[in-house]
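Single-structure report; data block below.
In what follows, chains carry the letters A, B, and so on, assigned in the order in which the sequence lines appear, proteins first and then strands, with residues in each chain numbered from 1.
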Protein chains: 2
Amino acid sequence: MRDRIHAQILAGRYEPGDKLPRDADIAEDLNCARATVQRAMQDLSDSGLIERRRKGGTHVRRDPVARATLDIPLTRREIEEAGGTYGYRLISRTQRAAPRAIRQRMGLSEAARLLRVEALHLSDGRPFLLEDRWVNPEVAPEILEVDLDVISANEWLVLNKPYTRFGLEITAEAADARTAGHLGIGDGTAILVVERTTWIDDSPITSVRAMMAPGYRLLAET
Amino acid sequence: MRDRIHAQILAGRYEPGDKLPRDADIAEDLNCARATVQRAMQDLSDSGLIERRRKGGTHVRRDPVARATLDIPLTRREIEEAGGTYGYRLISRTQRAAPRAIRQRMGLSEAARLLRVEALHLSDGRPFLLEDRWVNPEVAPEILEVDLDVISANEWLVLNKPYTRFGLEITAEAADARTAGHLGIGDGTAILVVERTTWIDDSPITSVRAMMAPGYRLLAET
DNA sequence: TAGTGGTCTAGACCACCGG
DNA sequence: CGGTGGTCTAGACCACTAT
């Protein structure tokens with residue numbers, strides 16, 4: 001039934017900006033329950049095709065947006081599922097005042113002292129991902145006691161501090177000398193950088209810069 | 001109610017891999033309808049926290065995946081919404097046999113002849129995105145008659161050939177001489193490349209390589 | 001094949017927000 | 001304020017798949 005509703009709407013050839021009938025009317029037309037229409041329309045809304053507002057009604061989006069979902073697995077699982085042997089090496093672990101850029105991204109005050117962790121994840125012994133992470137010990141004080149030589153901050157946080165939301169920023173950059181050294185690549189090589197900041201409700205937990213070794217492909221789908 | 005169910009599950013401190021009670025039992029425990037539980041669990045499943053299988057039951061995922069949604073607007077809208085003036089220039093338009101890589105990605109036979117379009121999108125007169133596109137005229141024959149000097153293939157396709165699904169592949173690459181020339185950057189500069197292949201049901205419509213000018217940031221959120 | 005999640009119905013009430 | 005979408009209930013049947 002939901003498929004039929006989807007088909008009807010798409011076949012109805014509504015133009016961008018057009019207003020659709022109210023759910024109740026569509027339900028009557030198609031001889032089905034309103035809840036079913038509601039669910040079907042919710043789907044179309046989720047996929048970026050229409051916009052719904054109480055009282056305002058349902059409209060076809062003027063600029064239909066292509067909406068994809070991006071899965072970011074735990075680094076260890078990602079490597080293992082690609083058939084590689086996972087390796088991990090802690091590079092540094094310090095506590096210090098956060099630089100401006102990080103404070104801004106996490107929405108912290110100037111006084112904030114954070115835990116900074118640099119680590120390298122390897123696949124079959126070859127550098128796979130270099131991570132530069134800042135952790136807010138106000139939210140996750142236990143991490144100060146964790147032996148990060150044994151378990152990566154990535155893993156510990158995922159298992160112990162479930163986030164409620166996060167933001168991603170994906171860029172391409174030229175590797176600087178230090179980064180290139182750790183990744184074992186030429187200075188200036190193009191690498192994919194994924195920056196992720198995660199939150200528990202409104203408290204920032206961690207902000208991490210993941211520098212991927214050359215050849216990495218980030219996949220997404222509808 | 002749904003929020004309460006979410007909270008209960010999260011507070012229940014289930015470990016990765018644990019099996020949750022059946023929907024019906026949860027509903028009884030919380031004294032609500034099973035449909036409500038079903039909806040709440042669906043949400044958790046969508047966000048990558050649990051896995052559900054008929055008969056198999058509901059389990060907490062062993063490797064909770066961070067799932068983000070990525071919006072890819074029409075290039076023109078993206079530039080305009082950032083406050084820029086949109087410009088567009090067609091570079092080339094040819095019909096030819098598709099190279100192997102493209103055929104493979106679109107799942108086409110060797111014989112397939114495609115329309116190839118190269119175009120530059122500009123923001124305030126500066127190169128913003130260089131697109132290298134292949135279109136399948138079997139699915140969208142009308143595009144052969146479209147004046148691509150006036151409307152970009154990007155825009156025409158979005159308005160006239162609504163896809164049913166697509167796949168994305170995001171990489172960082174060093175710009176080759178030709179690309180660098182069009183984007184007005186130095187040879188070898190790191191650029192973000194987004195490859196997208198779209199389909200109507202099981203027929204491939206188009207496969208496009210979008211090469212973003214340096215400094216471009218792709219954003220995603222939970 | 002039996003047990004689980006997935007979908008649907010008919011009805012009710014609520015929450016938001018435009019006129 | 002009234003009209004719209006959002007959520008919930010109680011019940012039914014269906015679809016998939018683990019055992």
Q | Stepwise side chain to side chain contact (heavy atoms under 4.5 Å, CB included) test for B:R67 and A:L70 | A | CA-CA 6 Å; B:R67 190 163 286 172; A:L70 194 61; over 6 Å; no

Q. With a cut-off of 6.0 Å (strictly less than), are more than 12 heavy atoms of other residues, nucleotides or ligands near CZ of A:R89?
A. no

Q | Position toward the 5' end of DNA chain C (nearest nucleotide), B:A24 or A:R54 | A | B:A24

Q. Counting heavy atoms not belonging to B:E81, are there more than 12 under 6.0 Å from its CD?
A. yes

Q | Opening and closing nucleotides of DNA chain C in contact with chain A, under 4.0 Å to non-hydrogen atoms | A | C:dT7 to C:dG18

**Q.** Residue whose closest nucleotide on DNA chain C lies nearer the 5' end, A:A35 versus A:G56
**A.** A:A35

Q: Flag the pair A:T171 / B:M212 as yes when at least one side-chain heavy-atom distance between them is below 4.5 Å, and no otherwise.
A: no

Q.
So A:L129 and A:E131, do their side chains get closer than 4.5 Å, heavy atoms only?
A. yes

Q | B:M1 side chain near B:L30 side chain, heavy-atom distance below 4.5 Å | A | yes

Q | Check: A:T58/A:R52 side-chain N/O donor and acceptor closer than 3.5 Å | A | yes

Q: Measure from CG on A:D23 to P on D:dT4 and round the result to the nearest Å.
A: 10 Å

Q | Separation of atom CG in A:L20 from atom C1' in D:dG5, rounded to whole Å | A | 13 Å

Q. Within the structure shown, what part of the strands sits under 4.0 Å from B:R34 by heavy-atom distance: base, sugar-phosphate, or nothing?
A. base

Q. For B:R53 and D:dA18, what is the distance between atoms CZ and C1' respectively, to the nearest whole Å?
A. 9 Å

Q) Using a heavy-atom distance cut-off of less than 4.0 Å, which residues of residues 40-47 of chain B contact DNA chain D? A) none

Q.
What's B:R2 touching, base or sugar-phosphate or nothing? Going by heavy atoms closer than 4.0 Å.
A. sugar-phosphate

Q. Is there a donor-acceptor contact under 3.5 Å linking the side chains of A:T197 and A:R105?
A. no

